[in-house]
Amino acid sequence: MKKIIIAIDGFSSTGKSTVAKQLAKALGYVYIDTGAMYRAVALFAMKHDLVGENFIKKQDLEDKLSEIQINFKLNLKNDIAEAYLNGNNVENDIRSLEVSQFVSPIAAISSVRKKLVEQQQKMGAEKGIVMDGRDIGTVVFPKAELKIFMNASAEKRAQRRYEELTAKGDKVSYESVLKNIEERDHIDTTREDSPLVKAKDAILFDNSVLSKEEQFEKLKGLALEYIEK
């Protein structure tokens with residue numbers, strides 16, 4: 001079976017990471033969570049007081065980019081590739097709503113994007129990967145064999161994200177989650193550097209009314225079609 005690059009882009013909380021992980025496992029591919037990479041940078045910025053509710057110390061962050069090392073290690077207990085920041089497992093920390101509010105502003109910084117895109121392209125040099133994010137099919141791998149652009153209504157995405165966070169014990173309101181998603185949508189689609197946009201050759205996939213199982217089966221079938229071409 002030949003190896004291809006599967007690029008999955010789309011709005012926040014559309015389930016990109018969930019289905020990308022499922023596809024990678026089913027196909028025997030490597031999964032790379034680019035969103036986790038940007039979340040890790042946001043967490044680093046928070047810990048070093050480089051970002052806050054009303055500020056981003058852009059130059060100071062750029063000066064410290066060389067200090068940021070991100071990698072993924074497979075957790076054999078749950079079969080998940082977890083994110084590590086400078087040697088520390090930050091998989092749970094980077095998923096908080098507090099970190100979420102800074103991800104899009106951090107990702108809009110060109111120097112941050114350049115550093116992470118370079119790392120992502122190296123990771124996919126041998127193909128056989130599933131990578132999800134905002135600009136995978138347009139910037140990171142514009143020649144990817146299969147490009148998918150995922151979407152769902154903001155309200156549906158907020159409900160899913162709210163249920164995910166409260167299930168983990170986070171005390172958040174649906175309204176705050178919806179506001180965060182709408183703000184991230186605006187930043188992601190209007191930033192100057194690599195804005196979120198559907199690649200011309202990407203397949204639009206709206207999962208507003210699909211279960212995780214239905215979504216996975218449809219996309220797995222699609223992936224196998226492209227691999228067997």
Side-chain angles (χ1 to χ4, degrees), residues 4-27 29-42 70 72 79-83 91 94-97 99-100 103-104 106-107 113 116-117 120 123-124 129-142 144-165 177 180-189 191 194-199 201-223 226:
I4 67 171
I5 291 176
I6 300 175
I8 302 178
D9 290 309
F11 290 87
S12 64
S13 299
T14 48
K16 299 186 301 295
S17 297
T18 297
V19 77
K21 291 173 186 174
Q22 291 175 318
L23 285 176
K25 185 175 182 180
L27 300 172
Y29 277 24
V30 175
Y31 165 65
I32 300 171
D33 183 353
T34 63
M37 297 174 74
Y38 286 101
R39 284 176 174 275
V41 176
I70 303 166
F72 296 89
D79 206 27
I80 292 176
E82 297 179 331
E91 184 64 26
I94 62 174
R95 306 296 174 182
S96 70
L97 188 60
V99 170
S100 294
V103 177
S104 291
I106 290 293
R113 301 201 68 82
L116 296 189
V117 166
Q120 292 155 12
M123 292 174 179
I129 65 165
V130 183
M131 185 178 287
D132 72 285
R134 300 290 193 282
D135 61 354
I136 312 305
T138 53
V139 176
V140 184
F141 293 114
E145 290 86 349
L146 174 57
K147 300 177 185 178
I148 298 163
F149 189 89
M150 295 180 64
N151 195 12
S153 69
E155 291 76 16
K156 188 69 175 181
R157 289 182 283 135
Q159 185 61 39
R160 290 172 179 167
R161 182 68 174 143
Y162 170 73
E163 291 173 358
E164 177 185 317
L165 290 170
V177 175
N180 173 251
I181 282 177
E182 290 174 337
E183 289 175 346
R184 291 182 67 186
D185 285 354
H186 176 71
I187 295 172
D188 290 343
T189 55
R191 67 181 180 226
S194 307
L196 171 63
V197 62
K198 175 183 170 294
D201 54 347
I203 297 169
L204 181 62
F205 190 87
D206 191 306
N207 65 2
S208 295
V209 297
L210 295 177
S211 67
K212 289 181 180 179
E213 293 74 19
E214 292 171 329
Q215 170 180 270
F216 168 63
E217 290 301 329
K218 285 180 179 291
L219 291 180
K220 184 179 73 170
L222 186 61
Y226 275 74

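Contact between Ser194 and Arg113 at its shortest, heavy atoms only, is CB-NE, 3.7 Å. The minimum heavy-atom distance linking Asp206 with Leu210 is given by the pair O-CD1, 4.1 Å. Here the shortest heavy-atom pairing between Met123 and Ile129 reads O-CG2, 4.0 Å. In terms of heavy-atom proximity, Val177 sits nearest to Tyr162 at CG1-N, 4.0 Å. For the residue pair Asn207 and Thr14, the shortest heavy atom distance occurs at ND2-O, 2.6 Å. Nearest approach of Tyr29 to Ile4, heavy atoms of both residues: OH-N, 3.0 Å.
In this structure, Leu196 CG and Asp9 CG are separated by 7.0 Å, a value rounded to the nearest 0.5 Å. Note that the CG atom of Asp188 and the CZ atom of Phe11 stand 8.0 Å from one another [nearest 0.5 Å]. Considering CG of Asn151 and NZ of Lys16, their distance stands at 10.0 Å, rounded to 0.5 Å. Interatomic distance, Ile148 CD1 to Tyr226 OH, rounded to the nearest 0.5 Å: 8.5 Å. Between atom CE of residue Met131 and atom CD of residue Gln120 there is a gap of 5.0 Å, rounded to the nearest 0.5 Å. Atoms OG1 and NZ, on Thr138 and Lys147 in that order, are 7.5 Å from each other to the nearest 0.5 Å.
Side-chain contact of Ser17 with Tyr31: a donor-acceptor pair under 3.5 Å is present, judged by distance alone. Side chains of Arg39 and Ser100: a donor on one and an acceptor on the other come within 3.5 Å. Side-chain contact, Glu163 with Gln159: a donor N or O sits under 3.5 Å from an acceptor N or O.
Side chains of Ser12 and Arg161 form no contact here, defined as non-hydrogen atoms less than 4.5 Å apart. Within the 4.5 Å cutoff, no side-chain heavy atoms of Asp132 are placed close to those of Met150. Contact check for Lys220 versus Leu23: side-chain heavy atoms found under the 4.5 Å cut-off. Looking at heavy atoms from C-beta onward, Leu116 lies out of side-chain contact with Thr34 at the 4.5 angstrom threshold. Between Val140 and Asp135 there is a side-chain heavy-atom pair separated by less than 4.5 Å.
Note on Glu164 versus Arg160: no salt bridge recorded, every NZ/NE/NH1/NH2 to OD/OE distance being 4.0 Å or above.
Atom NZ of Lys156 is surrounded by 12 or fewer heavy atoms from other residues, nucleotides or ligands within 6.0 Å.
No side-chain donor-acceptor contact under 3.5 Å links Arg184 to the backbone of Ile187.
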